[in-house]
Enquirer: 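Structure below; questions to follow.
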There are 2 protein chains.
Amino acid sequence: MLVLEAMERFEHTFSLSDLETEADTLDKSSIFRSLTLFAEHHLLHVIEDGSGATKYCLCHNDHACRIEELHCHFHCEVCGKTFCLDDVHIPVIHYPAGYEVREINYLVKGRCPDCRSKR
Amino acid sequence: MLVLEAMERFEHTFSLSDLETEADTLDKSSIFRSLTLFAEHHLLHVIEDGSGATKYCLCHNDHACRIEELHCHFHCEVCGKTFCLDDVHIPVIHYPAGYEVREINYLVKGRCPDCRSKR
DNA sequence: CGGTAATTTGCAATCGGGTTGCAATTGCGG
DNA sequence: CCGCAATTGCAACCCGATTGCAAATTACCG
């Protein structure tokens with residue numbers, strides 16, 4: 001419950017260590033186990049943005065986890081933040097036969113509006 | 001040069017530790033530094049497939065690094081291999097204004113043909 | 001060639017995120 | 001209040017990535 005509350009205080013995505021500082025009465029391992037649990041039950045998106053730390057964010061719509069409705073994520077290389085681009089849906093693509101698709105990650109990297117406006 | 005030769009012996013993608021065993025006269029750090037160098041000069045794709053280890057593969061066409069022509073990668077959750085789906089091009093998408101796109105990663109996970117045919 | 005500077009290498013150490021074993025604590029039904 | 005199950009904290013560990021540094025190699029200039 002504490003982990004959930006801490007998660008809800010984040011506007012965008014967050015990492016395990018973000019949660020550690022946000023919910024500082026809890027131990028890293030407890031938070032980790034909660035995250036794992038939530039992710040298994042599809043309450044969380046798990047995002048690998050190549051920053052080294054896995055990012056998470058709360059699923060705000062029920063069907064966000066079905067493949068057809070996956071949206072993409074944007075990782076800012078300047079400030080390191082990662083955003084859910086909720087409105088950008090991943091187009092369906094024709095894959096070579098033989099591959100069984102279970103999950104799609106669409107990650108865009110670059111500079112976010114904030115970092116572009118500064119300098 | 002030794003690193004380059006070792007890389008060319010891989011059919012698909014490879015990790016740092018793959019190269020370590022392939023080019024066993026070289027130290028991990030030397031290989032790492034070469035990879036970094038190659039990547040900076042866009043001779044390599046760098047692929048994060050969520051397996052924990054960064055994967056690489058040689059760029060086989062000159063323009064593979066321009067955004068419009070990026071292809072996607074497939075990570076098999078059974079055998080752990082990662083493939084370049086050279087023929088699947090990432091479609092151009094309309095992004096929200098304000099984001100500056102520098103790089104796109106399109107990663108599909110699932111089961112590869114090999115692992116599907118076995119059992 | 002010789003000699004010095006620049007580069008590259010190997011080794012070991014370190015970092016950091018993730019993960020786990022285990023003992024201590026807490027929750028809860030009876 | 002007792003006892004069992006679930007949760008938690010702590011510390012240790014794993015593993016890939018990364019770096020500092022000294023030694024070895026290479027490049028280059030006279």
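Every chain is numbered from 1 and lettered A, B, ... according to where its sequence line falls, protein lines coming before strand lines.
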Enquirer: Using the six-membered ring wherever Trp is involved, compare the ring planes of B:F83 and B:H12 and label them parallel, tilted or perpendicular (cut-offs 30° and 60°).
Expert: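 Geometry flag for B:H12 against B:F83: perpendicular rings.
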Enquirer: Is there a donor-acceptor pair under 3.5 Å between the side chain of B:S30 and the backbone N or O of B:L26?
Expert: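 No.
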Enquirer: Figure out the CG/P separation between A:D49 and C:dG17, and round it to whole Å.
Expert: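 It is 12 Å, rounded to the nearest whole Å.
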Enquirer: Whole angstrom is fine here: how far is it from CG in A:D18 over to C1' in C:dG18?
Expert: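 Computing the A:D18:CG to C:dG18:C1' distance gives 15 Å.
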Enquirer: Using atom CG of A:D24 as one end and atom P of D:dC10 as the other, report the distance to the nearest whole Å.
Expert: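 It works out to 12 Å between those atoms.
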Enquirer: Write down the distance between CD (A:E40) and C1' (C:dT19), rounded to a whole number of angstrom.
Expert: 14 Å
Enquirer: Round to a whole Å and report the spacing from CD of B:E20 to P of D:dT18.
Expert: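 My rounded result for the distance is 14 Å.
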Enquirer: So which of A:K109, A:K81, A:K55 actually passes side-chain hydrogen bond (donor to acceptor under 3.5 Å, both in side chains) with A:D49?
Expert: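 Filter result, single survivor: A:K55.
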Enquirer: Taking the side chain as every heavy atom from C-beta outward, state whether A:L85 and A:H73 have any atom pair closer than 4.5 Å.
Expert: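 Counting from C-beta outward, A:L85 and A:H73 never come under 4.5 Å.
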Enquirer: Figure out the CG/C1' separation between B:L19 and D:dT18, and round it to whole Å.
Expert: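 Rounding to the nearest Å, CG of B:L19 and C1' of D:dT18 are 16 Å apart.
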Enquirer: Just call it for B:S34: base, sugar-phosphate, or nothing, with non-hydrogen atoms closer than 4.0 Å on any strand.
Expert: nothing
Enquirer: For the pair made of CG in B:L35 and C1' in C:dT8, what is the distance, rounded to whole Å?
Expert: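 Going from B:L35 (CG) to C:dT8 (C1'), I get 15 Å.
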Enquirer: Shorter than 3.5 Å, N or O on both sides, protein versus nucleotides 11-17 of chain D: list them out with atom names.
Expert:
unit_1: D:dA17; atom_1: OP1; unit_2: B:T54; atom_2: N; d: 2.8
unit_1: D:dA17; atom_1: OP1; unit_2: B:T54; atom_2: OG1; d: 3.0

Enquirer: Is there a side-chain contact between A:C79 and A:D114 in this structure, where contact means two heavy atoms from C-beta onward sitting under 4.5 Å apart?
Expert: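 No, too far: nothing below the 4.5 Å cut-off.
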Enquirer: Here's a test for you: under side chain to side chain contact (heavy atoms under 4.5 Å, CB included), which of A:R9, A:M7, A:E5 qualifies with A:E22?
Expert: A:R9
Enquirer: Write down the distance between CZ (B:R33) and C1' (D:dG20), rounded to a whole number of angstrom.
Expert: 9 Å
